[in-house]
Amino acid sequence: MNIPISPRGRLGVALFSATVLAAMATERPNIVFIVADDMGYSDLGCYGSEIATPNLDALAADGLRFSQFYTTPKCFPSRASLLTGLYPHQTGLGRRPGKLRDCTTIAEVLRTAGYHTWMVGKWHGKDIPVTRGFEHFFGLVDGQVNHFNPGHQRPGEPVPAKDKGERTWAIDDKVFKPWTPEDPKYYSSDAFMDRALEYLGNQRDDQPFFLYVAFTAPHYPIQAWPEDIAKYRGKYLIGWDQVRANRYQRQKEMGLLTPGMNLAPRGNTRSAVVRETGEWMNRFWDGNGQILPWEQVGDHDKWDLKMSVYAAMVDRLDQNVGRLRAKLRELGKAENTLIVFLSDNGACSGTHHYGATPKDKPTSGPGPMDSFHTYDTPWADASNTPFYGYKDTTYEGGNATPFIVSWPAGLKTKPGAITAEVAHIMDLMPTALELAGAKYPAEFNGSPIPPMEGKSLAPLLVGGHRAGHEALFWEYNEDRAVRRGDWKLVAFGKDGPWELYDLARDRAETHDLATQRPELVRDLAARWEAWARRIGVDKLPAKKAMED
């Protein structure tokens with residue numbers, strides 16, 4: 001049954017649709033959201049990778065994959081949209097981390113509907129999860145941290161006097177700055193899953209639960225267990241060009257690519273976030289700002305190590321997904337648990353080598369605790385196969401990510417199906433609320449809040465159809481984009497001109513059609529401007545330095 005929406009859109013009630021009611025499990029499902037951090041579109045086996053991800057691949061084989069799923073181009077705005085069903089600017093987290101405002105969260109709504117609400121991992125805001133609806137939380141309040149010890153200082157990094165470079169940690173309502181684990185075998189992905197399994201094992205009632213697992217992997221610093229790194233050493237000596245070609249071929253063979261998903265040319269500095277210059281950067285850029293072919297760079301063994309460590313991080317993340325699935329089976333809850341997996345944005349092109357630059361004595365290569373390295377733009381280029389662009393940009397490489405849904409008791413699509421339906425991270429909250437039979441409120445703490453911008457994916461999960469978004473919009477640090485149908489208008493930087501791409505034929509965004517279709521550029525640009533005014537982009541302060 002459909003509830004009419006008031007003219008102001010304040011009713012905002014999410015109820016079961018007749019289609020979903022008829023097709024879904026009789027009991028409300030448990031809901032698990034799993035989010036990787038800075039992982040590229042092609043970094044899972046089921047999205048074309050050579051990295052061993054058998055547990056996520058199994059979810060995809062039994063579930064549903066999306067080939068056109070979008071987030072925002074940055075960590076904290078994506079999390080804001082996931083939690084609220086809104087565009088991030090509506091929550092106060094459009095351009096830098098802060099406190100969620102003028103909104104309610106999925107945890108707050110599901111808790112009032114009788115769900116347990118637990119979170120582990122990365123929050124990336126200025127409040128803490130237990131003040132926004134979560135019963136329990138264990139993890140990082142800030143954005144990025146050492147994977148072996150959150151309290152460990154970054155070698156060679158200038159330490160800001162105001163906070164000594166320390167990251168904020170929280171365990172429920174207790175806040176630590178810094179927090180140093182006692183376990184000598186601590187590693188972020190393992191520790192987050194340890195606590196998540198503890199929450200599951202301690203449950204003593206039959207209430208459904210919402211579990212949000214926000215890994216910090218494979219976000220830099222690239223660090224991993226030696227035994228995981230060893231699995232990949234030597235495998236990347238084929239170089240980034242061959243890795244990209246291999247992944248693209250596998251994507252074609254598995255039917256993941258829509259006709260317009262051609263392979264973008266090797267990347268360049270125009271859309272890379274270059275935070276380090278000098279001797280190291282010269283190792284992989286040519287004089288025209290293009291990534292060099294593999295054959296023209298030196299230090300192949302060092303480059304192999306970088307990608308091996310990154311692959312090991314993805315591998316360990318997958319191992320922990322396997323632990324979660326095993327626990328659900330042990331508890332008899334696997335059948336009626338909806339699991340969603342995604343990355344928060346595309347792969348990161350940033351280049352950091354604290355303690356390993358010419359001005360600092362090297363500490364160690366990538367991998368152990370006493371290191372702070374990225375895997376750098378050429379490998380990020382491979383991670384984002386087949387797209388152009390990276391995290392922090394509104395090109396496809398910045399905001400198109402893998403998206404897997406598994407729900408044995410309720411999913412009615414063909415196992416292993418791939419859908420080309422266009423969806424967005426803000427669709428997750430309305431989906432969860434619909435499946436839980438939960439009501440989205442018209443106000444929160446006595447003040448009116450915006451109706452959700454996201455649209456439920458529930459009809460797609462049961463083999464039906466939904467009216468998708470009329471258009472989708474992005475803005476981050478003055479990069480901006482709008483997608484309407486197969487047309488995408490995108491601009492890079494404050495003064496960058498609008499570029500126009502036909503994604504049905506060119507998702508690699510290589511053929512700018514702006515000069516050929518000026519009327520379409522004007523139309524889409526006007527729609528973006530109207531959206532920006534409506535949600536408050538134009539009210540934001542001037543661009544500041546990017547946050548980690």
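The basis for the numbers below is simple: all heavy atoms, side chains too, and nothing from hydrogens, waters or symmetry mates. This chain uses plain numbering: 1 for the first residue, then up along the sequence.
A donor-acceptor contact shorter than 3.5 Å links the side chain of D183 to the backbone of K185. No donor-acceptor pair under 3.5 Å is formed between the side chain of S81 and the backbone N or O of M426. Panel note: side chain T53, backbone L56; no donor-acceptor pair is recorded below 3.5 Å. Although no hydrogens or angles enter the test, the distance criterion places a donor-acceptor pair under 3.5 Å between the side chain of R483 and the main chain of G485. Proximity of a side-chain donor or acceptor of S78 to a complementary backbone N or O of T72 within less than 3.5 Å is detected. For T71 (side chain) and D344 (main-chain N/O), a donor-acceptor pair under 3.5 Å exists by modelled atom type.
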Evaluate the side-chain contact (heavy atoms from CB on, under 4.5 Å) criterion for residues L435 and T431: first the C-alpha distance (whole Å), next the side-chain angles of each, then the deciding distance (0.1 Å), finally the verdict.
CA-CA 6 Å; L435 297 181; T431 303; 4.2 Å; yes

Run F215 and M193 through side-chain contact (heavy atoms from CB on, under 4.5 Å) and show every step you take.
CA-CA 9 Å; F215 288 108; M193 190 53 66; 3.9 Å; yes

So D427 and E453, side-chain contact (heavy atoms from CB on, under 4.5 Å) or not? Walk me through it.
CA-CA 8 Å; D427 296 340; E453 299 277 345; over 6 Å; no

Given the rule in the side-chain contact (heavy atoms from CB on, under 4.5 Å) test, do N399 and N345 qualify, once you have shown the distances and angles that lead to the verdict?
CA-CA 5 Å; N399 58 12; N345 44 245; over 6 Å; no

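Residues satisfying the ring pair (Phe, Tyr, Trp, His ring centres under 6.0 Å) criterion with Y236, sequence neighbours excluded, are W379. Evaluation of the side chain to side chain contact (heavy atoms under 4.5 Å, CB included) rule for L331 yields L200, K327, K333 as partners, not counting sequence neighbours. Legend: residues meeting ring pair (Phe, Tyr, Trp, His ring centres under 6.0 Å) with Y212, ordered by chain and number and at least two apart, are absent.
Residue-environment remark: CG (D206) stays at or below the threshold of 12 foreign heavy atoms within 6.0 Å. For R266, the CZ atom is densely surrounded, since the number of other residues' heavy atoms within 6.0 Å is greater than 12.
A donor and an acceptor atom, one from each side chain of W303 and D376, are nowhere located under 3.5 Å apart. T131 and D127 are not linked by any side-chain donor-acceptor pair at a separation below 3.5 angstrom, with hydrogens and angles left out of the test. A donor-acceptor pair shorter than 3.5 Å can be found between the side chains of R247 and S42. Under the 3.5 Å distance criterion, with hydrogens and angles disregarded, a donor-acceptor pair is assigned to the side chains of E396 and Y70. Remark: the R466 side chain and the S456 side chain contain no N/O donor-acceptor pair separated by less than 3.5 Å. In summary, the side chains of N30 and H116 do not present any donor paired with an acceptor at a separation below 3.5 Å, with no hydrogens or angles considered. Side-chain contact, Y388 with D381: no donor N or O sits under 3.5 Å from an acceptor N or O. Between the side chains of D43 and S383, at least one donor N or O sits under 3.5 Å from an acceptor N or O.
For the side-chain hydrogen bond (donor to acceptor under 3.5 Å, both in side chains) test with N246, the passing option among Q242, R250, R244 is Q242; the others fail.
Counting heavy atoms from C-beta on, the side chains of V120 and F137 never come closer than 4.5 Å. Side-chain contact between W407 and T337 is absent, with no heavy-atom pair separated by less than 4.5 Å. Looking only at side-chain heavy atoms (C-beta outward), Y47 and I404 come within less than 4.5 Å of each other.
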